[in-house]
Amino acid sequence: MLDLKYVLSNLEEIGKNCANRRARCDLAALGALASKRSMLIAKSDELRRRQKEVGKSGGPAIPEERKAMLKEEGRRLRDELASAAAELESVESSLFGMLRTIPNLTHPAAPVGGSEEDNRVVRQSGNPPRFSFKPRDHVEIGTMLDIIDFDSGTRVSGKNFYFLKNQGVILELALVRFALDALSSEGFELCSTPDLAKDEILDGIGFSPRGPETQVFSVEGMGLSLIGTAEITLGGMLSDRILQKLPVKLGGLSHCFRTEAGAYGKASKGLYRVHQFTKVEMFVYASPEQSDSILEDLVAIEERIFGSLEIPYRIVDCCTAELGGPAYRKYDMEAWMPGRGSEGEWGEVTSASNCTNYQARRLKIRFKDPGDKGTRFVHTLNGTAVAVSRAIIAVLENHQREDGSVSIPAALRPYTGFDSIPHR
RNA sequence: GGAGAGGUGGCAGAGUGGCCGAUUGCGGCGGCUUGCUAAGCCGUUGUAGGCCUUACCGGCUUACCCUGGGUUCGAAUCCCAGCCUCUCCGCCA
């Protein structure tokens, strides 16, 4: 959420930003609600002030007659206050509801554009591998090697669920451990997080837990939802706190659950778009001065991880329309997936965002600036270290051999304990 | 799951209907004292919203004593519900 005062005093900038981001907002209505809110607060404050005054002039030993008058006056104030408070509540709920739909400001260097084609490719590492045979996709490989079982997943849990089996299980754990070790050596504090979180936390991070196009599964009657990413739990971890030392770097392991509502029609074979996967996530609380450069650091870590896995990738600077609500700037990493499309395609495997103070404002995460009295909101950043399901696609498809077996990249072998997955 | 105790400012800990945004101690900050240190003395010290003023400083006001309701002219204080913590018992991966 943006700062209300900032929005009100920079209407033109906000309007332009909303347009760039393809977000709808009615700033005139917002302004009208905001002045109504100020008026109602002033009114309630004044009523409460008089109420206090009346209360104080009470006391135990005053004449009955005067007491009766005070009671009368007090009751009147109470009723007036109740109606003002009710009106204020309704005004605030529409005002803040509206404010929450306004997306974050945008980094001046982020490309302006309305669709994926407007994302800017920043750099590429490696080239798509050349196979002397027709490469298989991961669904075929996974089934052949008996390491992924989609049919059982569908029977037990429904479409877009899966079982990992045999070396597939070990591969998942190896990727997780590999990523955790990488983060640990980068100074991240490791966490394994809850897989469910309170709806208010989801909301603060910018996920809407309810509603028709929600991306998250909710637990009936509990006020809890299955998390779509550990960004939610890691960001919630320090909510309502005043931090002393920045940056705070957390590396979180969790399962991620997504409904993928509205994702019909997009290329989504096999593991690419599933309802549940395991992910190691980076989350950083930083000062406003640090956040730009930390975003670059996060991307560099992602690149080292995929570089070590010997997977060709490219980094894209996401355009305004693709940023989502909270991100100020976002870099996606796309890995080459030889089995995707007819001749292979780039597919998103990680994503790193700087959300500036957009999430921190709602989650009330501040820090003390030693130079300054008072507190300021921190900046939050997040980035994927390894999203296991998509990493498995990239590993299997890039390292496949003609007979269907898969060679394990050297960096991963200490974690798997085997150097290839043979065809059975 | 059952029984008890409790949740107050950075921390400790008073406060059982109006004099309480809250005694006091510690800590923090500023100053005095001091050859240095220790000690002592004086002062100061929460967060957020609204209005006004504004280059800056600031002024007025409201809210916040776990959360949400209620009683009352008036609630940290009384009542109800919930959450959390601690102790004991039971159950369990």
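Chain letters run A, B, ... following the sequence lines, proteins first and then strands; every chain starts at 1.
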Under 3.5 Å, which N/O atoms of the protein pair with N/O atoms of nucleotides 62-69 of chain B?
residue, atom, partner, partner atom, Å
rU62(B), O2', D45(A), OD1, 3.0
rU62(B), O2', R48(A), NE, 3.2
rA63(B), OP2, K52(A), NZ, 3.1

Distance in angstrom units between [X] [atom1] and [N] [atom2], rounded:
| X | N | atom1 | atom2 | answer |
| --- | --- | --- | --- | --- |
| D240(A) | rC84(B) | CG | P | 16 Å |
| L81(A) | rC73(B) | CG | C1' | 13 Å |
| D79(A) | rC73(B) | CG | P | 10 Å |
| I242(A) | rG9(B) | CD1 | C1' | 12 Å |
| L40(A) | rG50(B) | CG | P | 13 Å |
| Q51(A) | rG18(B) | CD | C1' | 13 Å |
| L88(A) | rC51(B) | CG | P | 12 Å |
| E53(A) | rC60(B) | CD | P | 16 Å |

>> Could you tell me how far rA81(B) sits from rG2(B) if I compare only their P atoms? Round to whole Å.
In response: 14 Å
> With rounding to whole Å, what would you report as the distance between rG13(B) and rG9(B) at their C1' atoms?
Replying inline: 12 Å
Hunt down the Watson-Crick or G-U wobble partner of [N], both distances under 3.5 Å, from any strand shown, or write none.
| N | result |
| --- | --- |
| rU33(B) | none |
| rG1(B) | rC89(B) |
| rC57(B) | none |
| rA63(B) | rU47(B) |

>> Ring-plane angle category for H275(A) and F217(A), please: parallel below 30°, perpendicular beyond 60°, tilted otherwise.
In response: perpendicular
> So F150(A) and H138(A), would you call those rings parallel, tilted or perpendicular, with 30° and 60° as cut-offs?
Replying inline: perpendicular
> Are R76(A) and E73(A) within salt-bridge range, i.e. N to O under 4.0 Å?
Replying inline: yes
>> Does this structure show an ion pair linking E281(A) with K279(A), if we count only N-O contacts that are shorter than 4.0 Å?
In response: yes
> Given E46(A), which of R50(A), R49(A), R48(A) fulfils the side-chain hydrogen bond (donor to acceptor under 3.5 Å, both in side chains) condition?
Replying inline: R49(A)
>> Under 4.0 Å, heavy atoms only, any strand: does K5(A) hit a base, just the sugar-phosphate, or nothing?
In response: sugar-phosphate
> Base, sugar-phosphate alone, or nothing: which one does R76(A) contact when heavy atoms must sit under 4.0 Å apart?
Replying inline: nothing
>> Can you tell me if S38(A) touches the phosphate of rC51(B), counting only side-chain N or O atoms and a distance under 4.0 Å to OP1 or OP2?
In response: yes
>> Can you confirm if the NZ or CZ of R340(A) lies within 45° of the ring axis of Y272(A) and under 6.0 Å from the centre of its six-membered ring?
In response: yes
>> Side chains of F283(A) and L381(A), heavy atoms from C-beta outward: is any pair under 4.5 Å?
In response: no
>> Which is more 5' along RNA chain B, the nucleotide nearest K198(A) or the one nearest L4(A)? Just name the residue.
In response: L4(A)
